[in-house]
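A note on names: the letters A, B, ... follow the listed sequences, proteins ahead of strands, and every chain is numbered from 1. Below, all heavy atoms of this structure are taken into account, side chains as well, without hydrogens, waters or symmetry copies.
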Amino acid sequence: MGDVGQVEVRLPDGTQRRVPAGTPAGEVLRDWAPPEVAEGYLAALVDGVPVDLSSRIDRDVSLAPLSFADRAGRDILQHSAAHLVAKALVETIPEAKPTHGPPTEDGFYYDFEVRPILPEDIEAVRAGIARSVAAREPFVRREVSRAEAESLFAQNPHKLRYISETPAGATISVYETGSFVDLCRGPHVPDTHWLEGAHVLGFSGLEREGDAAARPLQRIRGVAFPTRPELDRFLKLRTEAEARDHRTIGARQELFLFVDDAPGFPFFLPKGMILVRELEKFVTEHLAKSGYAEVRTPMLFAQSVYETSGHWSHYRENMFLSAEGDRLFGWKPMNCPGSMLIFRSRSRSYRELPLRLAEFAPLHRLEASGTLHGLTRVRELVQDDAHLFVTEDQIEREILVLVDWIREAFTTFRLEWTYELSTRPASFLGDPAVWDKAEATLEKILKDSGVPYRVSPGEGAFYGPKIDIHIRDSLGRPWQTGTIQLDYQLPARFGLEYQGADGQLHMPIVIHRTILGSWERFLGVVIEHCAGRFPPWIAPVQVRVLPIADRHAEAAGGLADELRASGIRVEIAAPEESIAKRVRTAEVDRIPYVLVLGDKEAAEGTVSVRVRGSKESTTRSRAEFLAYALDRIRRREFDP
RNA sequence: GCCGCCAUAGCUCAGUCGGUAGAGCGGCUGAUUUGUAAUCAGCAGGUCGGGAGUUCGAUCCUCUCUGGCGGCUCCA
C-alpha cells in the first residue's frame, strides 16, 4: 500500500496511477486519456461496476471509461434521457407519478401513473427537455436514509414500493436534476447538456398486468444520442425507412390488399401471388433434396382433436370456431394435429424415421385487433411448415440440416438473422425433467454449430422448448420468422408409437419447424428489406420491353415471346407515352430489366438493356441478354 | 383486447370558423410515334368510413360502431 491518503488506480492500458483518495473517477480518466477522447466519456467502471464520473475513488481499484460506444455507456445515456423526460413531464403535469424509466434495446421509456397523455403534453415535454439541455443542469447523486427516501417520495406509491423492495442495508440513492428528484441507482451522465441528442418518439397507454382495477400507466418512449447531428441522422434514416413500409409498397406495386370487412385477412393480387409461388418453389426445392413428403390435412377439426392436442386449453381464445349441429369445430391455427393423425393412422416402423411431413396450408388465428400489422401480423397465414418424427438420436442431425437451410435461405435474401433459445414457460405440459433434457439438447446443438444465440427463459411453447429466428423490418422492429420446436408432448398426447429394431414400441419425438415463418410475414420483411426492388428471380415482372414506336411492335412482341418461352416474366409497354416516361415508370415500378427496342435494334437483332438502378444502357444481342438474365435468375442472385 | 391518435376521389393530401368539396398522381378519351426518370388537351370519378344525436341546416360539433396508425400484450 502507498502513502496514507493515496490510492492506486489500474487503467485499461495496464498502467497504474497513484492519486489522492477522494479524487473523482472522471478526473483520473481526463488526466489519462487524450482530451478529444476523454470528451466522450460519460461514466466510468470501477472494478467493473458502472459509476458516475463524479464518483470519488477511495481505495485501490481498476478504473475504465464508459462512452456511448459501450453498451453500458449507451444504456446510461438512454436512462439519463428517461430522467429528463420524467422531469419535463412532472413540470407539465405536476400530479404525474413516475414509476420507472429503463433503457431498452433501441432507446428508453419512462412509465407514469398519470391521466392519458395528449400530443400537446409531448410538445411541452420536448420543450422542457430543450430548456434543461440548454441550462446544463448537473445530475447530482445523493445517498439518503430509508426514512428520508420514504418522505421524499411519500406521494408516489410506486417509488415507495421500490424503496420497500430495497434490501435492508443497501444504499438508497436519489439523483437531482434542477428541481426534479428521482429515486435511482444511477449512474448518470454528468449533466443535461449530454442529452442534446435526446428525443421523444411517442407515447402510449399500457395495460397493467394482473391488476384490472389499477389505473393504466402511460409510457413515453424516446431515444438518445450523444450529439444532435447523430440524432438528426437517426431521424433521417427513420424517415427514409418509412418510405420502405411494405404496406405502402404493396399497394403501389399491387402486390396485396386488405379490405375493412376482412381485417387481418390478406388478398394476394396477381403480382403478389408470383412472389408467394416463387418462395414456395424455393422452399419446395429444399424439401425435395432433404427427404420431405408433402401432405394436406383438413382446415377444421372437431373440438376433441384440440382437446387431445392441448390447443383447447392453451390456445382456444386465439381460434376461430364454427358450429355444425351440436358439434364445435375449430379452424386449425397450426398444422400439427393433422400431421399427428397421419402418423397415427397405421403402425409405424423405425425404418420410416425420420418421417418428414411438410404442409403449406392456410392457418387461422384470432389475433387481437390491435396487433394486426400489414402482412407481418395477420389472421390468415401459410407457413413453410413441417413436422419431423424422429428418434432421440436423430434430433441433432435433423437440426443441423435445418441450420444449414436457414443459412442458405436467409443469405439468399441478404437478411441478417439471430437465434433465440426459449425455455420452459410458466404454463406447460409434461414432466420438467423431460423439458430439461430437451432444452439441453437444443442448447448443445446451438453451441456445437457455432451460431450465436441468446436464451429467453420461460418463453418456450407450452409443449416444448424452441429455437426462434428473428429478423428486423426497415424501421428496425424485430420480427420472428422461423421457429424450430422440440415436442415431447404431442406424440404422447396423440399416443404415437413406432416399432423399434428391438421389437418394442417407442414414442417418436416431433420437431415442428418453419424456416421462413409464413409467406405473409416473410414477404413483408423482404419487401422492406429490398424496398420493393425484388431480386430478379422473385420479381413479379422481370423484364419490360419498350418499343420506340408502333412500327417496332412486331419485333417487341417477338422478343417478349422469346423471353417468355424461356420462362421469363415479361411485359410490353406500348408507345402510348414517351420513351422517357416509360423508362421512368419502369424504374418506379422497380422492374429489374428494361429492354428498349427501336430501328437500330430491330435491324441488328439486339436490345438496349437498362438494368434497374443504373443510369446507363448497353446494347447486347438478344441471346446474350437472355443468357445473362437466365443465369442470374437461376442462381437466385440478389441484384439484377 | 388496452391507451392515444386518425378516417375527404383508386393513391397522396388540401379545404369548409356548420350553408353538401378541390389539387397532383393514377384512370378514360383524343392528339402526338417519341431513343433511356414525367408530351399536350379534355373528361369521368366523392351520399367527406357506417349509424344515431344536436341544429333551420352536419363532411365539420357530440355519442357510438367499424377500420387503420403508434405503442402495450401476444406471436409466424
Check: Which nucleotide, B/A76, B/G35, B/A38, lies nearest any side-chain atom of A/Gln485?
Finding: B/A76
Notebook entry, point to check: With sugar-phosphate meaning primed atoms plus P, OP1 and OP2, does A/Glu520 contact a base, only sugar-phosphate, or nothing at under 4.0 Å between heavy atoms?
Noted result: nothing
Note to self: Applying a 4.0 Å non-hydrogen cut-off, can you work out what A/Glu576 is touching in the nucleic acid: base, sugar-phosphate, or nothing?
What the structure shows: base
Note to self: For a quick check of understanding: with a heavy-atom distance under 4.0 Å over all strands, which category does A/Arg221 fall into, base, sugar-phosphate or nothing?
What the structure shows: sugar-phosphate
Checklist line | Under-4.0 Å side-chain N/O to phosphate OP1/OP2 contact, A/Lys581 with B/G35 | finding: no
Check: What integer number of Å spans the P atoms of B/C11 and B/G68?
Finding: 15 Å
Check: Picking from B/C74, B/G67, B/A38, which would you name as closest to the side chain of A/Ala580?
Finding: B/A38
Notebook entry, point to check: Between A/Arg247 and B/C69, is there a side-chain N or O to OP1/OP2 distance below 4.0 Å?
Noted result: yes
Notebook entry, point to check: Can you tell me if the side-chain N/O atoms of A/Ser204 get under 4.0 Å from OP1 or OP2 in B/C72?
Noted result: no
Next item on the list: Give the rounded distance in Å between these two atoms: CZ of A/Arg544 and P of B/A37.
Entry: 15 Å
Check: Does a nitrogen or oxygen in the side chain of A/Gln480 sit under 4.0 Å from OP1 or OP2 of B/A76?
Finding: yes
Next item on the list: Calculate the interatomic distance between A/Ile548 atom CD1 and B/U36 atom P; express it in whole Å.
Entry: 8 Å
Next item on the list: Could you give the distance separating B/A7 and B/C65 at their C1' atoms, to the nearest angstrom?
Entry: 14 Å
Note to self: Could you check whether the side chain of A/Arg377 and the base of B/C74 have a donor-acceptor pair of N or O atoms closer than 3.5 Å, going by distance alone?
What the structure shows: yes
Next item on the list: Between B/G4 and B/C63, how far apart are the P atoms? Round to whole Å, please.
Entry: 12 Å
Check: A/Asp385 near the nucleic acid: base, sugar-phosphate alone, or nothing, with a heavy-atom cut-off under 4.0 Å?
Finding: nothing
Margin query: With a 4.0 Å cutoff (strictly under), does any side-chain N or O of A/Arg610 reach OP1 or OP2 of B/A37?
Written below: yes
Next item on the list: Would you classify A/Leu363 as touching base, sugar-phosphate or nothing, given that sugar-phosphate means primed atoms plus P, OP1 and OP2, and contacts are heavy atoms under 4.0 Å?
Entry: nothing
Note to self: Tell me whether A/His552 contacts the main-chain N or O of A/Asp599 through its side chain, where contact means a donor paired with an acceptor under 3.5 Å.
What the structure shows: yes
Next item on the list: Grab the CD-P distance between A/Gln218 and B/G71 for me, whole Å please.
Entry: 16 Å
Check: Atom NE2 of A/His311 and atom C1' of B/C74: how far apart are they, to the nearest Å?
Finding: 15 Å
Checklist line | Nucleotide of B/C72, B/U36, B/A37 approaching A/Arg584 most closely (side-chain heavy atoms) | finding: B/A37
Margin query: Please give the distance between the C1' atoms of B/U20 and B/U16 as a whole number of Å.
Written below: 10 Å
Checklist line | A/Phe265 CZ to B/G68 P, straight-line distance once rounded to whole Å | finding: 11 Å
Next item on the list: Using the C1' atom as the reference point in each nucleotide, state the distance between B/A21 and B/U8 in Å, no decimals.
Entry: 8 Å
Note to self: Applying a 4.0 Å non-hydrogen cut-off, can you work out what A/Thr514 is touching in the nucleic acid: base, sugar-phosphate, or nothing?
What the structure shows: nothing
Next item on the list: Nearest-nucleotide wise, let me know which of A/Gly374 and A/Asp468 is further upstream toward the 5' end of RNA chain B.
Entry: A/Gly374
Next item on the list: Tell which nucleotide pairs with B/U62, taking only Watson-Crick or G-U wobble pairs whose two distances are both under 3.5 angstrom.
Entry: B/A52
Note to self: Under 3.5 Å for both donor-acceptor distances, Watson-Crick or wobble: does B/C75 have a partner, and if so which one?
What the structure shows: none
Notebook entry, point to check: Among B/U34, B/A37, B/C72, which nucleotide sits nearest the side chain of A/Arg219?
Noted result: B/C72
Margin query: Can you tell me whether the side chain of A/Glu317 and the base of B/G1 have a donor-acceptor pair closer than 3.5 Å?
Written below: no
Notebook entry, point to check: So, is A/His373 close to the B/G70 phosphate, meaning a side-chain N or O under 4.0 Å from OP1 or OP2?
Noted result: yes
Checklist line | Basic-acidic side-chain contact under 4.0 Å: A/Arg414, A/Asp639 | finding: yes
Note to self: Heavy atoms from C-beta onward define the side chain here; which of B/U39, B/G68, B/U36 lies closest to that of A/Leu372?
What the structure shows: B/G68
Note to self: Need one value for A/Glu601: base, sugar-phosphate or nothing, where a base atom within 4.0 Å counts as base even if backbone is also close, heavy atoms only.
What the structure shows: base
Notebook entry, point to check: Side-chain donor-acceptor pair under 3.5 Å between A/Asp121 and A/Thr92, yes or no?
Noted result: no
Next item on the list: Check whether the ring centres of A/Tyr306 and A/Tyr315 lie less than 6.0 Å apart, and answer yes or no.
Entry: no
Notebook entry, point to check: Do the charged groups of A/Arg377 and A/Glu520 touch, with an N to O distance under 4.0 Å?
Noted result: no
Note to self: Taking the nucleotide of RNA chain B with the nearest heavy atom to each, does A/Gly370 or A/Lys615 sit closer to the 5' end?
What the structure shows: A/Gly370
Next item on the list: Whole angstrom is fine here: how far is it from NE2 in A/His387 over to P in B/A76?
Entry: 12 Å
Notebook entry, point to check: Is A/Asp260 side chain donor-acceptor paired with the B/U66 base, going by distance under 3.5 Å alone?
Noted result: no
Next item on the list: Would you classify A/Ile579 as touching base, sugar-phosphate or nothing, given that sugar-phosphate means primed atoms plus P, OP1 and OP2, and contacts are heavy atoms under 4.0 Å?
Entry: sugar-phosphate
Next item on the list: Describe the nucleic acid contact of A/Val378 in one word from base, sugar-phosphate, nothing, applying a heavy-atom distance below 4.0 Å.
Entry: base
Check: Is any side-chain N or O of A/Arg521 under 3.5 Å from a base N or O of B/C75, one able to act as donor and the other as acceptor?
Finding: yes
Next item on the list: Would you mind reading off the distance between A/Phe360 atom CZ and B/A76 atom C1', rounded to a whole angstrom?
Entry: 14 Å
Notebook entry, point to check: Ion pair present between A/Arg544 and A/Asp589, side-chain N to carboxylate O less than 4.0 angstrom?
Noted result: yes
Margin query: Taking the C1' atom in each of B/G10 and B/G45, what is the distance between them to the nearest angstrom?
Written below: 9 Å
Check: Could you give the CZ-to-P distance, from A/Arg115 to B/C5, as a whole number of Å?
Finding: 11 Å
Next item on the list: Using a 4.0 Å heavy-atom cut-off across all strands, classify A/Gly598 as base, sugar-phosphate, or nothing.
Entry: base
Check: With rounding to whole Å, what would you report as the distance between B/U55 and B/C3 at their P atoms?
Finding: 31 Å
Margin query: In the structure I gave you, are the side-chain heavy atoms of A/Phe108 and A/His83 within less than 4.5 Å of one another anywhere?
Written below: no
Checklist line | Strand partner of B/G70, provided both Watson-Crick or wobble distances fall under 3.5 Å | finding: B/C3
Check: With distance as the sole test, does A/Glu577 use its side chain to make a donor-acceptor pair with the main-chain N or O of A/Arg582 at under 3.5 Å?
Finding: no
Note to self: Distance check, P atoms only: B/G50 and B/A38, in whole angstrom units.
What the structure shows: 40 Å
Next item on the list: For B/C40, give its Watson-Crick or G-U wobble partner with both distances under 3.5 Å, or none.
Entry: B/G30
Check: Is it true that A/Asp468 and A/Arg454 have a side-chain N and a carboxylate O under 4.0 angstrom from each other?
Finding: no
Notebook entry, point to check: Is A/Ser369 touching bases, backbone alone, or none of the nucleic acid, heavy atoms closer than 4.0 Å?
Noted result: base
Check: Using 4.0 Å as the upper bound for N to carboxylate O, is an ion pair formed by A/Glu587 and A/Arg584?
Finding: no
